[in-house]
Amino acid sequence: MIGPLGRGIAHLGNSDTRALNAPDFARAMARLGPFERAPHVAVALSGGADSMALALLAGRWTQDEGGAATAITVDHGLRSGSAKEARTVATWCRDLGLAHVILTWAGAKPASGIQSAARAARYDLLGAWCRENRVLHLLTAHHLEDQAETVLLRLGRESGPDGLAAMPAVSEYPQFRLLRPLLDTPKMALEATLVAANQAWLEDPSNLDPAHTRTRVRAFTRRLADAGVEPQDLAATAAQHAAARAETDDAVAAFLASAAEIHAEGWCTLDPVKLASMDPETARRALARILVTIGGRRYAPRGAKLDRVWAELMHGPLSAARTLGGCRIVPWQKTLLICREPAAAREQISVTNPGKIRWDNRFALTLSGQSARKANAFTIARLGRAGWSAVASDAPALRQTAIPPPVRPSLPALWSGETVVAVPHLGYRRSGAESPPMTLEMPVFAPVLPLTKARFGVAK
């Protein structure tokens, strides 16, 4: 439903909730820059007060900068009136002179975890649009109260110091930079901005549904405020942890640059002497980062499991290989070799047509040539120990490959039934066999998260 324009007027006596003007927003954006000349930004726009205010402010800012803003509404299709609401938002944007796009989340929806799934789908759609339209910056309307709620959510999950940093002002993604220019802005200030501009907004009834965790946390935040703990106090806690996390990110990146080496086949070597001499917490985080990258995961192993292996490393060289986070940690030629655990690389992808695919969350693969004559003729899967034995028997010279033995079983290979057809990393194509219609090009190691990433984004 459309929010009443008078909502929030009673709160405008508080200087923290006055309407934002163009200079206010320009200062907020300057802290997240620098930006290219005439920047084109995308704005995630649900039509609620927060994102509507952001779209209004971003449109003015880009106009002043000689650029452009495109508001993007994702219709999740979860409520009967969502398509109509998206069209209403489109009309408002047209009246504001703001370019607007509607993206639709198509397909079946999950029976559980719907909010999480919808969030993931939203960012997938937004990211694809930004990539296709060569837009670098995506703005979201997360504000002060959102940050406070995130701190409480992280406390409830015992997330630790990193989690208490809550949402960064800047997040780097492969498709875009995610910017949150309103993290220190109260929600009422955003509503006041719309009231001052005589701009309506939508009210989402799901925001009042106590079935959602964040709704319950929002109610608890209000009770805390009544007890004297204001949202800005919780946000200040996040800012302190964010600054500490940014410093730690810098230290971890510097250490990895000096002590670790990533190889194109998806494995890593780590200097154990430098590891043992480094500040323990920094080195521990560095090890976790390596495991995430080599394992093709988004999150590091749980603390207790990581601590056990870490304790062994701190007490001297490993006597034998260890398995953790989908990886193997192997003592090898005076270094630590960290590679994918073959048993964890279970993904098998049947391929019929040329094209691009991702395998094992770690490799970007390209298949060229012609379509197979029959469906499921070829499969992308790990080489495995049996596959390596077959390859070495067929091409004995490959026994001298520089790729270490622990790495070989987890290499991506092209199979035809039970036969290995090609292993590009080994330069192998099966001899004496009819040339397959498709060729597996050299895979590109492209894990979900890189070894080093942008530091936790604290606004300058």
Could you note down all residue pairs passing salt bridge (Lys or Arg N to Asp or Glu O under 4.0 Å) where [range] supplies at least one of them, sequence neighbours left out?
{"range": "residues 276-295", "result": "D162-R285, D249-R289, E281-R285, R284-D307"}
{"range": "residues 387-413", "result": "none"}
{"range": "residues 337-355", "result": "R340-D360"}
{"range": "residues 130-140", "result": "none"}

Just how far is it from atom [atom1] of [X] to atom [atom2] of [Y], taken to the nearest 0.5 Å?
{"X": "R308", "Y": "L313", "atom1": "CZ", "atom2": "CG", "answer": "13.5 Å"}
{"X": "H142", "Y": "L182", "atom1": "NE2", "atom2": "CG", "answer": "10.5 Å"}
{"X": "I338", "Y": "T269", "atom1": "CD1", "atom2": "OG1", "answer": "9.0 Å"}
{"X": "S46", "Y": "L54", "atom1": "OG", "atom2": "CG", "answer": "10.0 Å"}

Original post:
Of all residues at least two apart in sequence or in a different chain, which pass the salt bridge (Lys or Arg N to Asp or Glu O under 4.0 Å) check with D271?
Top reply: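 Applying salt bridge (Lys or Arg N to Asp or Glu O under 4.0 Å) to D271 gives none.
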**OP:** Tell me, please, which residues at least two apart from D184 pass salt bridge (Lys or Arg N to Asp or Glu O under 4.0 Å).
**Re:**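 Listed in chain order: R31.
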Original post:
P342 and P409: which non-hydrogen atoms are nearest, and at how many Å?
Top reply: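 The answer is CG-CB, 3.7 Å.
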Could you check whether [Y] and [X] have their ring centres less than 6.0 Å apart?
{"X": "F176", "Y": "H137", "result": "no"}
{"X": "F445", "Y": "H425", "result": "no"}
{"X": "Y428", "Y": "W388", "result": "no"}

Subject >> CD (E36) with more than 12 external heavy atoms under 6.0 Å >> reply: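 Enclosed.
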**OP:** Show the numbers, then the answer: is there a side chain to side chain contact (heavy atoms under 4.5 Å, CB included) between L426 and L383?
**Re:** CA-CA 11 Å; L426 296 172; L383 177 60; 4.0 Å; yes
Subject >> L183 side chain reached by H143 side chain, heavy atoms, under 4.5 Å >> reply: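 Result no, sub-4.5 Å side-chain heavy-atom pair not found.
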Subject >> Heavy-atom side-chain contact between C327 and C339 under 4.5 Å >> reply: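 They are not in side-chain contact.
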Original post:
Can you list the steps and then say if T104 with D75 is a side chain to side chain donor-acceptor pair (under 3.5 Å)?
Top reply: CA-CA 5 Å; T104 302; D75 177 11; 4.7 Å; no
Original post:
Between W415 (side chain) and R382 (backbone), is there a donor-acceptor pair under 3.5 Å?
Top reply: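 Indeed, once roles are kept as given, a pair shorter than 3.5 Å links the two residues.
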